Visitor: 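Below you'll find the structure I mean.
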2 protein chains.
Amino acid sequence: MKKKLSHASEDYLKAIYTLSADGFSASTNNLAAHLNIAPASVTGMLQRLASLSPPLVNYRKRHGATLTDTGEKAALKVIRRHRLLETYLHKSLGFSWDEVHAEACELEHAVSDRFEARIDEVLGHPTHDPHGDPIPNLGLVMPQEADIRLSTLRPPQKAIIQRVDAEDGKLLRYLEEKSLLPGTKLEIRAFSPIDGNLTIAVDGKKMVLGSAVTCHIFIEEI
Amino acid sequence: MKKKLSHASEDYLKAIYTLSADGFSASTNNLAAHLNIAPASVTGMLQRLASLSPPLVNYRKRHGATLTDTGEKAALKVIRRHRLLETYLHKSLGFSWDEVHAEACELEHAVSDRFEARIDEVLGHPTHDPHGDPIPNLGLVMPQEADIRLSTLRPPQKAIIQRVDAEDGKLLRYLEEKSLLPGTKLEIRAFSPIDGNLTIAVDGKKMVLGSAVTCHIFIEEI
DNA sequence: GTCTTTATTTAGGTAAGGCTAAATTAGTTT
DNA sequence: AAACTAATTTAGCCTTACCTAAATAAAGAC
């Protein structure tokens, strides 16, 4: 009978998961910035998460934290719920692309396993959320196959958008309006070495994108 | 920019709303029992809720609490969310009748206005939840038109079930199985003065119900 | 009118999860 | 090596929301 984790703990686990690449710990400062919390508070929480039994994080003083196996399982469960919820909110409730994140951030701490299973079923067991991020399942995450940034392409390459990594509502609304969404095919038409702008074509429509945009779009070359 | 109420406060408001009939306050002890919390803790919370600005409850030492206008508005908003969620979980996600309450109790504190509005729309602006309770709207609750208990009927009266007031999962599953749900028509066939059992017919099927069941079913005579 | 019961409140304590300010450590410079 | 800097931790404090045990008040019994 594992006790339910607190809202806050779950947020920390998510953050540690995303900020710690394989082998490398998430630093106190990075976590603090990511969670919008003072560094001192993060230290306190890491100590608490490490002192649980079983511990959820491996914490070494002044060396940041990684997740234990238990912690990673818990983190993936929260991330799964988050991404399933984003997908559900978008596809089944008509939330716009830029609204889903905030709502999912709240709901992910409240939904039951039953709820999770039901929306998974209703959605037909989706593998990716509306941003193109993989939805973990049974503790497994698909490897991020597409890690090429749109900004690195040059004419006349072609690509298909796999994933959009942005939080900012304005940017998301812009991208949605231009249908720069996962799945969209595009061709590079021109590159300006002066400002880094790319001119691309989507469905024949041309548009010029600055690097503030192209850095956030991950593509697969075709 | 009204600050979001805490999970706990919202639960207190709901409880005070349901435990205080018009004019009458909800007592510390009743609240404690209803919320599964020690009476002393309730006192503390009532004092806090009364000392907010604007206050959410009218609290008189040793006389329990009622809701202020602000408090009642907040309570109705939570109750609305709860009942809309129950309806949504039941109708759109296939949750069984006895599962919806627990899930809604968690979700009601997490969903946004946007979410509330969307499920309301998807459901076609329902007026009653799966238990037959009215869904408040814009701060208004429909009066409980049906307040006759099934246990008070005698043969050969006929009635239609309006509302079922039960929390117990076993009872709810039993009722669902026998389709004793809001909307169901029934006829009283016999009454046993010894044990208070009623024999009723639903769709021609006869069944015998003890008062543990019939007390929780509110009907409208036809 | 005093006694007893029951409801309620006060007092004091705990655990989470935040904060700021001050101390410490590690890493770079000079 | 001494000094500066950036990252981190400690110390001390706050709020919320719960707890238990002891004090008090109100209500009914005798």
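Reminder, nothing fancy here: chain letters follow the sequence lines and each chain counts from 1. The model shown is predicted, which means the values in this text are computed figures rather than measured ones.
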Visitor: A:T66: which residues meet the side chain to side chain donor-acceptor pair (under 3.5 Å) condition with it, sequence neighbours left out?
Guide: A:N58
Visitor: To the nearest Å, give me how far apart CG (A:L31) and P (C:dG18) are.
Guide: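 These atoms are roughly 12 Å apart.
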Visitor: Using a 4.0 Å heavy-atom cut-off to protein, can you give one letter per nucleotide of nucleotides 7-22 of chain D, 5' to 3': B if the base is in contact, S if only the sugar-phosphate is, - if neither?
Guide: SBBB-----SBSBBB-
Visitor: Around atom NZ of B:K170, are there more than 12 heavy atoms from other residues, nucleotides or ligands closer than 6.0 Å?
Guide: no
Visitor: Whole-Å distance between C:dA16 P and A:D11 CG?
Guide: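 My rounded result for the distance is 17 Å.
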Visitor: Scan for side chain to side chain donor-acceptor pair (under 3.5 Å) pairs involving residues 101-114 of chain A, sequence neighbours excluded, and state none if there are none.
Guide: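 Every pair satisfying side chain to side chain donor-acceptor pair (under 3.5 Å) with a residue in residues 101-114 of chain A: A:E10-A:H109, A:D11-A:H109, A:K14-A:E108, A:K77-A:D113, A:H82-A:H101, A:H82-A:E108, A:E86-A:H101, A:E103-B:S112, A:S112-B:E103, A:R114-B:E99.
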Visitor: Using a strict threshold of under 4.0 Å (side-chain N to carboxylate O), is an ion pair present between B:R118 and B:E121?
Guide: yes
Visitor: Is there a donor-acceptor contact under 3.5 Å from the side chain of A:W97 to the main chain of A:P130?
Guide: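 Such a contact is found between A:W97 side chain and A:P130 backbone.
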